[in-house]
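Worksheet: the structure to be examined is printed underneath.
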Amino acid sequence: MSSINDFAFKIATVNGTGSASANSLLMQAIFRMGIPVSGKNVFPSNIQGLPTWYEIRVNRDGYTARPSEMDLVVALNPETYAKDVAAVRPGGYLLYDSSWPLPPALRRDGIKILGVPFGTMCVEAFEGDRARTLMRNISYAGALAALLSIDMEVVSAMLNEKFARKKALLESNFKAMRLGYDYAMAHFDCPLSFHLEAMDATRDSILLDGNTACGLGAVFAGATVGAWYPITPSTSLMEAFKEYAERWRVDKATGHRKYALIQAEDELSAAGMVLGAAWAGARSFTATAGPGISLMSEFIGLGYYAEIPGVFVDVQRTGPSTGMPTRTQQGDLLSIAYLSHGDTKHIALFPANPEECFYLTTQAFDLAERFQTPVFIVSDLDIGMNDWMCPRLKWNDRYRPDRGKVLDAAELAEVKKFARYADTGGGVPARTLPGVSPKGAYFTRGSGHTSAATYTEDADEYREVVDRLARKLATAGEAVPGPEIDPHDGASIGIVSLGGCHAAVREALHQLRSSGVAAEYMRVRGFPFGASVRDFMTKHRRYFIVEQNRDAQLRSLLAIETGTPLEKMVPVLDYGGLPLTAGFVVNEIARQLRVLQTPSLPGIPDAPLAGATRGVE
Amino acid sequence: MSSINDFAFKIATVNGTGSASANSLLMQAIFRMGIPVSGKNVFPSNIQGLPTWYEIRVNRDGYTARPSEMDLVVALNPETYAKDVAAVRPGGYLLYDSSWPLPPALRRDGIKILGVPFGTMCVEAFEGDRARTLMRNISYAGALAALLSIDMEVVSAMLNEKFARKKALLESNFKAMRLGYDYAMAHFDCPLSFHLEAMDATRDSILLDGNTACGLGAVFAGATVGAWYPITPSTSLMEAFKEYAERWRVDKATGHRKYALIQAEDELSAAGMVLGAAWAGARSFTATAGPGISLMSEFIGLGYYAEIPGVFVDVQRTGPSTGMPTRTQQGDLLSIAYLSHGDTKHIALFPANPEECFYLTTQAFDLAERFQTPVFIVSDLDIGMNDWMCPRLKWNDRYRPDRGKVLDAAELAEVKKFARYADTGGGVPARTLPGVSPKGAYFTRGSGHTSAATYTEDADEYREVVDRLARKLATAGEAVPGPEIDPHDGASIGIVSLGGCHAAVREALHQLRSSGVAAEYMRVRGFPFGASVRDFMTKHRRYFIVEQNRDAQLRSLLAIETGTPLEKMVPVLDYGGLPLTAGFVVNEIARQLRVLQTPSLPGIPDAPLAGATRGVE
Amino acid sequence: MTSIQKPPVRHPSLQQNTLGLTRRDYEGAMSTLCAGCGHDSVTAAIVQAFWELDVPPHRAAKLSGIGCSSKTTAYFMKQSHGFNAVHGRMPAIATGANAANKDLVYIGISGDGDSLSIGLGQFCHAIRRNVNLLYVLENNGVYGLTKGQFSASADIGSKSKGGEANVQPPIDPVLLALTLGATFVARSFSGDKTQLVPILKAGLRHKGFGLIDIISPCVSFNDHESSTKSYRFTREHYTEMTAVDFVPLRREITSDSETAGASAVSVTMHDGSVVRLRRVAEEYDPTNRDAAYAHVRALQQRGEIATGLLYVDTSANDMHAVNRTVDRPLVDIPFEELCPGSAALDSLMEEFR
Amino acid sequence: MTSIQKPPVRHPSLQQNTLGLTRRDYEGAMSTLCAGCGHDSVTAAIVQAFWELDVPPHRAAKLSGIGCSSKTTAYFMKQSHGFNAVHGRMPAIATGANAANKDLVYIGISGDGDSLSIGLGQFCHAIRRNVNLLYVLENNGVYGLTKGQFSASADIGSKSKGGEANVQPPIDPVLLALTLGATFVARSFSGDKTQLVPILKAGLRHKGFGLIDIISPCVSFNDHESSTKSYRFTREHYTEMTAVDFVPLRREITSDSETAGASAVSVTMHDGSVVRLRRVAEEYDPTNRDAAYAHVRALQQRGEIATGLLYVDTSANDMHAVNRTVDRPLVDIPFEELCPGSAALDSLMEEFR
Ligand SMILES: Cc1ncc(C[n+]2csc(CCOP(=O)(O)OP(=O)(O)O)c2C)c(N)n1
Ligand SMILES: Cc1ncc(C[n+]2csc(CCOP(=O)(O)OP(=O)(O)O)c2C)c(N)n1
Ligand code: SF4
Ligand code: SF4
Ligand SMILES: [Mg+2]
Ligand SMILES: [Mg+2]
């Protein structure tokens, strides 16, 4: 099969040198050529001077999971030469800076090595270290444009937009771009066998990251109070909320804000502010990562037991503890499901991509208020911080928030005596907001309380309330977004996954099916699991549970909540911190199927594909 | 069957009035008469003025779980008259203060009502409100002594000991005791049909609470640093440690302490101090309850990933959130097993009684250092704060601490390069202490690290360490105390339980078996579960999982860790906050067996026994 | 004789305030604290203050942490929403609630353990944000509810009931607040209702974070000889810096002499009502942060406890003013004003290409 | 040209200290901070101070929280045990470690976010306990590692890189520490190694909690015009109160004039070494807590930053002295001395009957 619009390449540089803009320039240009593309930024947990990688995958069929192998690697960071040259697929290309003689570390048989003297060219063309470093990045973009036949029209259009108000920068960027482009054109036969050809497959799409999508969702859902403490990789979510709130929520006349964004002193405080604001009647939310989830757990228990809404976004990173702050993982599933001491259970939503981040965020606010309990949006670094290609977001102007059972003064006037924690159906109580009516007054507490919100230490009165809470969460299980099921006639096995794994799993599913594996696929989207999830788990003899953590946490949740015995659920686990690849999923399932004595499959290599699990090297 | 030395009674009073001492006087006297006895204190979460109950059970066979029904109730608190009179078993007795006419609330058919004018007698006999209130309590003890034929010799001996140095108090106590005793003797035919007769069944026993036992265990295990933040019901544990450390750890000459007990500013800090001290080489520990566990979760994740020992006692109380601080529960099992975000798993020990609290505490320190990880002792309010009858504690002077793999200067001199996080067998690494040798220096961090303790963001290097951690915890699963199994030939069902439930379950087991239910019993004592637990879970078609929480958390752990499908495990759940009764267990299992279409059992009532789950009323 | 019956804080007089409400309408559930607990006296003063200020009970919100002190929110104003948060975390709840609805009257009740140990960070940051909240710290030097351990406000040498002397230096919430830039700082004594009520009223009217550190003895665990937080010790070492007199908005101020003069400063609150501070200690200037700090320290060194409204700054902006939020409470803004709508989203999409 | 190679902090001189170690022996891993980060200068000063004090590297312990500042513990003394705790919680780890082994030299490194936001409570309580630890606060007014949000030490009006002005009042760790009874309080500047090194040495010798607030500019996010934590601003508003001169134990003090005199106070540390403080600002008395507080405030009002060793009290007891623990480190006590043994247990059993 030809490799027009179907290949991958990556650029290895040093962070804080401005390569980021060159990389997104490349990706965006390809996107504007109408070709499906994705970019994964693999960056270090510091601000300047450490190795960083940017992986770009082009796929005409729209498979945009992280690529399993690299056709071309641009190696500009001596510290990682060894890793980078090893990452080139047999027969692939390595592009390096030939300002210096080819370093031994870069020599390798079976690959083609291309040198461009980026350094010297930029030293000659530009003044000053900073400019030279920056322009060097643009010049490799130029070389790639030539090698992969990126449309220079598109590129210049973008540069013109970007530097519309910065003439000088515009020129130097053009110049640098040209340096690389012309050199490549002159010295190599461009384009390479794998390259780009304009398509029309991105017209209705956008490039969006999940944190921006969540922030946007919060603005559109009418959230007015956000409280947070900065933590990678969630920070840009609150920044996005601020950006759009500043755009759309500021009173033109007075310059006053129709929102409050509070940078708390820590995550405990942020969680408390979210609950306090929701208790007073606002739609409130926060975003954090694993360490913040641990710190919020006492307050989450209060929210659960005192029945206070609140939206909590966990942009997961690699744990445990501080872990790898700039790597992805799905390691907080079990923690979140039952967060806090005592008997608790929480609503959680699992977006698979930035598009879903937007829609599930608005839905999270509705669920939180309807069920009067904390709701988690379980995102991750890959979804949250990388640009994904997805359909344009749409908004239905008929949407109105579901505020749940909130009694106003009029309704209160009707009731004989308001009982805050009594069942009004499906385990859901009615609540009141402070300031509305003396009749609505009640006492909120995390200590033992009766259905009338009075203090108790009595076994029956205590149980009446916690039993209702259990019923309430069961009701919620049917209200959360149901699983997305991809059925398959005569399927012999089921594949189950969630969140960011989806992109790789659907690609793997395609490969598996085309190589004869009759598999059905379920992606869970909400917790507690509803009947449809339980049904799916009874259909097959064997399931493969694909997730990004060491301990098969989704599998554990399925065991606890659906009763599926472990031996029916084969774990497929990738937890090195990098986005999942289809190759890994295919290899693992194929290997397992072999282990499970099923006839070996056509077209599936015996050894795992290189790079599939080997991380950035 | 006669009811000599086989009955139960309870006293309903108001807290802060000194009834506590009268109650323990009664219990201790019975104990000294050589009769197996137990006392359950059901007290409120405030300091003075609210209802409190004390339940005493006498059982010649040594069954000392909370009684299922009351033969006699002493009702001295008008606020709870209704509850208290209802708690008397049909045909049982109610004792009230006849200083005032019998209040309507106390009238009930089918029970016998005895009145003693405690109030008036004490007003006449003593001066001042305080003295009168206090003495009134002693006088009801006197009346009970007459009704139940408590040996007055024993009682006076105890008073003499107690008030050896307080003549005045001694006299008034005698006087008050006599008032009640003589009145009862004169007006009722004492003793009642159920009463006491001296035995010789307590010679080798003591009365001990679990918090004292844990504190004592920490002293004997050589713990030198304790850090804590006060919280009911764990506070008395650290107080016990202090008491015995002051007794045995103070240098006679200088008056200097060979221990440090730090009252931290909160639980986060306490957990950090424990880890800091253990990192520096001390045996360190803390005690807390559910809310503290939630607050410690970030630090526990650090302890797990950076591999730092530490002993954490959770004296569970009723959750979630602040819950009912003076009620018991087993609601933190799931939280503790996987505490903190990311992939984690922790060693946990489940003492069933104060005796085991002592031995498992010493073992916890060995496990913590051997596996270089936080170890939890999962106790509860019933075990921790109530006096249990148990065998005298013994100490083996040949015991020496297992400090695990700690390299000293000499050993370090041998090694070429010390790699802190490399596997030295069974997934366990070797560690060094600060101050010992330049060669032992390494950097401890909760961020991604290699087996040589250097910082990493590399997938393989990261996985090498977390995979070893998984192996380490698996090894630990075989090192923790194994389950206690009570086998039964031709058993058709298995019963599984843990911790404080044991007393009631073994009594229930006896009743079930004697009524023809062929059941085998396993009490798990440690987590992660080892092979013997897994084996037991494969033997039977059906299991009853008895625990004190709403969500069947032990059952969830068994599902996750042993793969047992849920439908094989029938939950038996008691979570009203009071200690478990055998009646409840028997009724639940009988009911379930009926539900499960097994032939109805002889000798098992159809309706649950009164009081079994109904709490204090 | 049996259960110690403590009637809810009662006021014989059935006199009505301008809302036609009696003090009884400002009372709450029956106290479950120990007979004689200082906290119950504070509760009584709070009832009086709210009644005198004519605050509609349902327009007030009562917040607290965990502790005997924190329980007191249940013992006044049963017609107000109340919130027992988790231990030491009331400031976060109050900050969030205030962010959502700025128009309620917020009173937060805490203890020395709740505020100065586990809650110290939140306490300090709420001060920094100048959240519009009256923060009442019922200070007894011990953890009452957990049976008498020393708190971070216990003085060195002060003895526990068991006879053990405290060895850790105390944290003085007043000096701390002054250092952190608090805009209203007062200290009083649960036993001095005449001083307490007007200070509470001034604090409730202050637009910003108002701290009142109230020495409120724990009769069960810290009211004995050799305790420096006992009723007796407090009475003996009590020095009043300023006597407070609160002049509600509606009672117009007739003559200058009534408000100012050599021995008095008068401070106009945001709503126009006036607080008159009569200097008891001559030279004392309650509008000078550094002077206030120095005076409190000086008295401390003499073993005296400075009380009264020690510092006030009505010029500082509260959290909302600082963040420039709209005048309407955020909870009152209709969804239509909050959601940008489909057109806005559609055009935004172009920026993502 | 590619990866920005920053050599580990280097010192040409191979001069040896009394242990025969060169400065190189006190260096650590290569810094991964931004070129020009103030923190790297602090690292260099720390290397110098430890080297000059002849501290055997393995007898020191380096502790920190999380942040760019907290990373620096990896960049000096590779032969010492190091500990990156969790964010804001280093004081607890340090307290526990010090409780277990009092004989190590403890240095804790933190940032303004780590210490004054999430870690404020622990910071204050470590001061209260007077834990024997030198606490270095690398203060840059922002959260560097999370890309430049304002921290609690940012001054009002100070602008972010994005041009936004900070609106929250700052917390001054120096005033806070003085208020909480800290026993050693200093402030310096990463750019002033001459002032920094002797202060670090004095702090390392101080037996108790020593705070050094070091203004340490963040070149990536807070070193621009209109930032009040930039190199330029700091240099311009810098005022030295006391110049420190550290006289190690072994160098005996010859003449009075050398140690005292009109313009100097000399403070003898627990180990006998002497710190000489030359009053730069006349009248300044670094042994008077209230005077120190007043001076710092006064300068602040003039827009100046008071630096130097601002306050020291060598008479106060550290955590161990206060708790009367034995002189030997607890980790050195053999088990035999810790375990009461079977006889003791047997007799205790009688008390439980
Ligand atoms: C997280 C947590 N830790 C500990 C406790 C136990 N606790 C309840 S109240 C309290 C201290 C209360 O002291 P203070 O705030 O001074 O109130 P007081 O009872 O003295 O009025 C403590 C430690 C708790 N409820 N939650
Ligand atoms: C619990 C937790 N919350 C948030 C973070 C993210 N985080 C890492 S460093 C930091 C702030 C660092 O600021 P500062 O202490 O001033 O250090 P600097 O980088 O400025 O030197 C934050 C918020 C974290 N690591 N852990
Ligand atoms: S224990 Fe102390 S603080 Fe608590 S209620 Fe009783 S007197 Fe008040
Ligand atoms: S971001 Fe700022 S603080 Fe962090 S290393 Fe760079 S300059 Fe230093
Ligand atoms: Mg208190
Ligand atoms: Mg900083």
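Here is the naming used below: chain letters follow the sequence lines, and residue numbers restart at 1 for every chain.
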Among D/Asp346, D/Ile333, D/Asp327, D/Thr73, the residue with the most heavy-atom pairs under 4.5 Å to chain B is D/Thr73
Residue D/Thr325 versus chain B: region with a heavy atom under 4.5 Å
both
Max heavy-atom pairs within cutoff under 4.5 Å with chain D, candidates B/Ser447, B/Ala282, B/Ala306, B/Ala270, goes to B/Ala282
Please state whether the rings of D/Phe50 and D/Phe76 are parallel, tilted or perpendicular, taking 30° and 60° as the class boundaries.
parallel
Does the side chain of D/Phe335 come within less than 4.5 Å of B/Arg400's, by heavy atoms?
yes
Heavy-atom side-chain proximity of B/Pro309 to B/Arg431 below 4.5 angstrom
yes
Which region of B/Ile262, side chain (C-beta onward) or backbone (N, CA, C, O), has a non-hydrogen atom less than 4.5 Å from a non-hydrogen atom of chain D, or is it both or neither?
side chain
Interchain contact, B/Gln263 with chain D, by part (heavy-atom threshold 4.5 Å):
backbone
Derivation and outcome, ring-ring contact (aromatic ring centres under 6.0 Å, His included), residues B/Phe443 and B/His449
CA-CA 9 Å; B/Phe443 204 87; B/His449 47 268; over 10 Å; no
Given side chains that start at C-beta, do those of B/Pro401 and B/Thr362 come closer than 4.5 Å, heavy atoms only?
no
Heavy atoms under 4.5 Å from chain D: which residues of residues 218-226 of chain B carry them?
B/Val219, B/Phe220, B/Ala221, B/Gly222, B/Thr224, B/Val225
So do the side chains of D/Val131 and D/Asp318 get within less than 4.5 Å of each other, counting heavy atoms only?
no
Pair D/His125-B/Asp266, side-chain donor/acceptor within less than 3.5 Å:
no
Working for salt bridge (Lys or Arg N to Asp or Glu O under 4.0 Å), residues B/Glu307 and B/Arg420
CA-CA 10 Å; B/Glu307 303 185 62; B/Arg420 167 69 177 99; 5.1 Å; no
Most heavy-atom pairs under 4.5 angstrom with chain D, which of B/Ala271, B/Ser205, B/Ala227?
B/Ser205
Within a strict 4.5 Å, meaning less than it, do heavy atoms of the B/Glu369 and B/Arg283 side chains meet?
yes
May I ask you to test the D/Ser70-D/Met90 pair for a side-chain heavy-atom distance under 4.5 Å?
no
How would you list, in number order, the residues of residues 101-118 of chain D that have a heavy atom less than 4.5 Å from chain B?
D/Asn101, D/Leu104
Counting heavy-atom pairs under 4.5 angstrom with chain D, the leader among B/Arg32, B/Arg247, B/Gln28 is B/Arg247
With the side chain counted from C-beta on, respond yes when D/Lys62 and D/Phe83 share a heavy-atom pair under 4.5 Å apart, and no when they do not.
no
Are the side chains of B/Ile206 and B/Leu393 in touch, meaning some heavy atoms are under 4.5 Å apart?
yes
Name the member of B/Trp279, B/Tyr442, B/Tyr244, B/Phe299 that forms the most heavy-atom pairs with chain D at distances under 4.5 Å.
B/Trp279
At a 4.5 Å cut-off on heavy atoms, which part of B/Leu302 comes close to chain D: side chain, backbone, both, or neither?
side chain
Pick from B/Ala245, B/Gly440, B/Ser284 with the largest number of heavy-atom pairs that fall under 4.5 Å of chain D:
B/Gly440
Using non-hydrogen atoms only, which part of B/Thr454 is less than 4.5 Å away from chain D: side chain, backbone, both, or neither?
neither
Verify the distance criterion only: is there a donor paired with an acceptor across the side chains of B/Ser340 and B/Thr344 at less than 3.5 Å?
no
Toward chain D, the part of B/Lys394 with a non-hydrogen atom under 4.5 Å:
both
B/Val250, part contacting chain D, at a heavy-atom distance under 4.5 Å:
neither
Go through B/Gly255, B/Ala453, B/Gly301, B/Ala278 and name the one with the most non-hydrogen pairs under 4.5 angstrom from chain D.
B/Gly255
Measure centre to centre between the rings of B/Phe312 and B/Phe285, then say whether the value is under 6.0 Å.
no
